[in-house]
2 protein chains.
Amino acid sequence: MPHLLTSILSAKHWDAAVITSLPNVRYLTGFTGSNAIVLVLPDQLILFTDPRYTIQAGQEFPGRTRIVKGPLENALKKWLSRMGFVAFENETIRYQSQIAVASLLPKRAKMEGMGPLIEELRMIKRPDEIANIRKAVTINSQAFDIAMKRFKPGVTERDLAAEIEYQMRRMGAEKPAFDTIVAFGQHSALPHARPRDVKIDGNGLLLIDMGAFWAGYASDMTRMAHLGRPPQRTKAHYRAVLEALEAAEASVKPGVAAKKVDAVARQVLQTHGMDKLFTHSTGHGLGLEIHEPPRVGRKMNTKLCAGMTITIEPGAYLQGEQGVRIEDTILVTENGAEILTPTSKDMLVL
Amino acid sequence: MPHLLTSILSAKHWDAAVITSLPNVRYLTGFTGSNAIVLVLPDQLILFTDPRYTIQAGQEFPGRTRIVKGPLENALKKWLSRMGFVAFENETIRYQSQIAVASLLPKRAKMEGMGPLIEELRMIKRPDEIANIRKAVTINSQAFDIAMKRFKPGVTERDLAAEIEYQMRRMGAEKPAFDTIVAFGQHSALPHARPRDVKIDGNGLLLIDMGAFWAGYASDMTRMAHLGRPPQRTKAHYRAVLEALEAAEASVKPGVAAKKVDAVARQVLQTHGMDKLFTHSTGHGLGLEIHEPPRVGRKMNTKLCAGMTITIEPGAYLQGEQGVRIEDTILVTENGAEILTPTSKDMLVL
């Protein structure tokens, strides 16, 4: 990775790049602490962190490390004070940090925003990253299976979310990748529903959207269950979304634009008169962050490449009635989508 | 709250203030979404968020709300384009957001960093905030009690952390306030230890540091247990830290500088020859964030006031051997510290 970055430095005529986004710091160095900057130089990376992390930095990053008391930016002075052209992460850096870094440069020097350059490098996963995502996906599905086996009508949305997150942790997850969504009945029509102290009982659709972190890497899955026998209308609603999911997954291959996959999902829903009910993007990249590039949305020209890990998650939401979303985590391979999520896509009847 | 802010605007000669920190947005408006800006004007607050939150914003904030597609900053133009002096949150705003806001102002206009002004307002809690913190503290202690009753030697650190977080959720917590620390034996000497797949078995100290969110507000508690009969040396280690905690708590009253409370804890540990083993601050404010002003540290001149909620958490860490930390959440009252944490401060023997 360093050699790739150094060739980017050279191509852009940057003397150095200052990396301040923590997921990017972790990506470049393996360091997992909560306070760090990486200075990318033509011949090396230097990690800056504080004394709380002296031991941990030594264990996680084999390269040159500086332990700094006080603001980390100040420690960059030794390097930056003789540079002319320095890149920084303009999309994520804090204003105060940018001001501090800029103040260290000579007067004639220039800074250039590097945009989501590291995020774009991160889109294509290394084999060790893919292995971690596979494990995060497996844990997540196992936790889902156990929680569903133990499910009894009358439990609240909140308690079921607690049970799911507990089972993830028992399987070895570091933590949930996001706040678990458990949404019953009408509530399933809210894409960002929060679990309530409301009992899951009687008849209706149950939406569960859950993810786990393993070794820093995320998984993401949505599955639907139905309490009682699902009516024909609900079955049709479910089948339409499932068809959109499967068509979108089938359209995935290297060289296809992300927006094309999004369009495939929308077209299927349109044939069912449900395209207006699909109010979000079809998916997103995931890795060290639960949402990272590429977004699988209407306007995303980014071409899919082998090694990308993304979600495919079409939905159709009937406000005041019910919503359906089905979501897999997939790996883009030379042969198309490898669906990592092992959980059955049948609607579970509880 | 608006009238206090408007008097600040007037005193500082600001035409408006742009609030971009999400905890500050929540504090000022009650809005809990993940994408928002608040514009503070002399006569009102305006909340800007995106279409995902149309319904939620209406439920949570009774004031004027603008639903915006695309970057929220752009929607400020209508107001900012005629202003001369605008405050912004320089310590937390992202560089790109600051650039976007600045570009909307007329050429002659000026922006001024407001520092942690809203964070300072947040230091003194309203009665409803204190009620939420009390509940978060109660839930946390109940979860601790249940998890400790169910504890059996041989469980791993990771599983005990999972059990604790599950019990919190069962008691109604939204989520843990931070990654629960469960650290056994030598590992208890690491103040920021992460739970391992290591069995808690045999003899040794067990450190548990845990907190819960309730209605957006945090609690924080650390307690120690010992597997097997604690040796005299461990008892002495524990008693020294407990003495430091109790002395620091007794020193709390309105008008006392935060650094004085920190000094009291250090002085007690010094009489036991343990001041060098106390490698962090004595405590921190907590509320909408798990760490917020005032820090209870060596150099903090901030004077304690009735209505502040802070932690007191002295520790003494013998690297390679064992560590002890004991932590309460307290409320500063006219009569001194009210210790909110109900859990016994005796070392639990398991």
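Every value quoted in this text rests on a predicted model; they were computed, and no experiment measured them. Just so it is clear: chains get the letters A, B, ... in the order the sequence lines come, proteins before strands, and each one is counted from 1.
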| Which bit of B:T20 comes within less than 4.5 Å of chain A, counting heavy atoms only: side chain, backbone, both or neither? | neither
| Region of B:D197 that comes under 4.5 Å of a non-hydrogen atom in chain A | neither
| task | Count the heavy-atom pairs under 4.5 Å between each of A:I55, A:I99, A:D159, A:T156 and chain B, then report the option with the highest count. | result | A:D159
| Interatomic spacing from NZ in A:K175 to OG1 in B:T180 - rounded to 0.5 Å | 10.0 Å
| message | As an exercise, state the distance from CD of B:Q96 to CD1 of A:I93, rounded to the nearest 0.5 Å. | response | 11.5 Å
| Residue-level interface, residues 164-173 of chain B with chain A, non-hydrogen cut-off under 4.5 Å | B:E165, B:Y166, B:R169, B:R170, B:G172, B:A173
| task | Measure B:E91 against the heavy atoms of chain A and call it side chain, backbone, both or neither at under 4.5 Å. | result | both
| field | Contacts of B:E289 that satisfy side-chain contact (heavy atoms from CB on, under 4.5 Å) - sequence neighbours left out | value | B:P23, B:R122, B:E292
| request: Check side-chain contact (heavy atoms from CB on, under 4.5 Å) between A:S281 and all other residues, then give those that pass, not counting sequence neighbours. | output: A:R295
| Residue B:S97 versus chain A: region with a heavy atom under 4.5 Å | neither
| note | In this structure, CD of A:E89 is separated from CZ of B:R94 (nearest 0.5 Å) by 10.5 Å
| query | With a 4.5 angstrom heavy-atom cut-off, which part of B:F88 approaches chain A: side chain, backbone, both or neither? | reply | side chain
| query | Which bit of A:T279 comes within less than 4.5 Å of chain B, counting heavy atoms only: side chain, backbone, both or neither? | reply | neither
| field | chain A-proximal positions within residues 185-195 of chain B [heavy-atom distance under 4.5 Å] | value | B:H192, B:R194
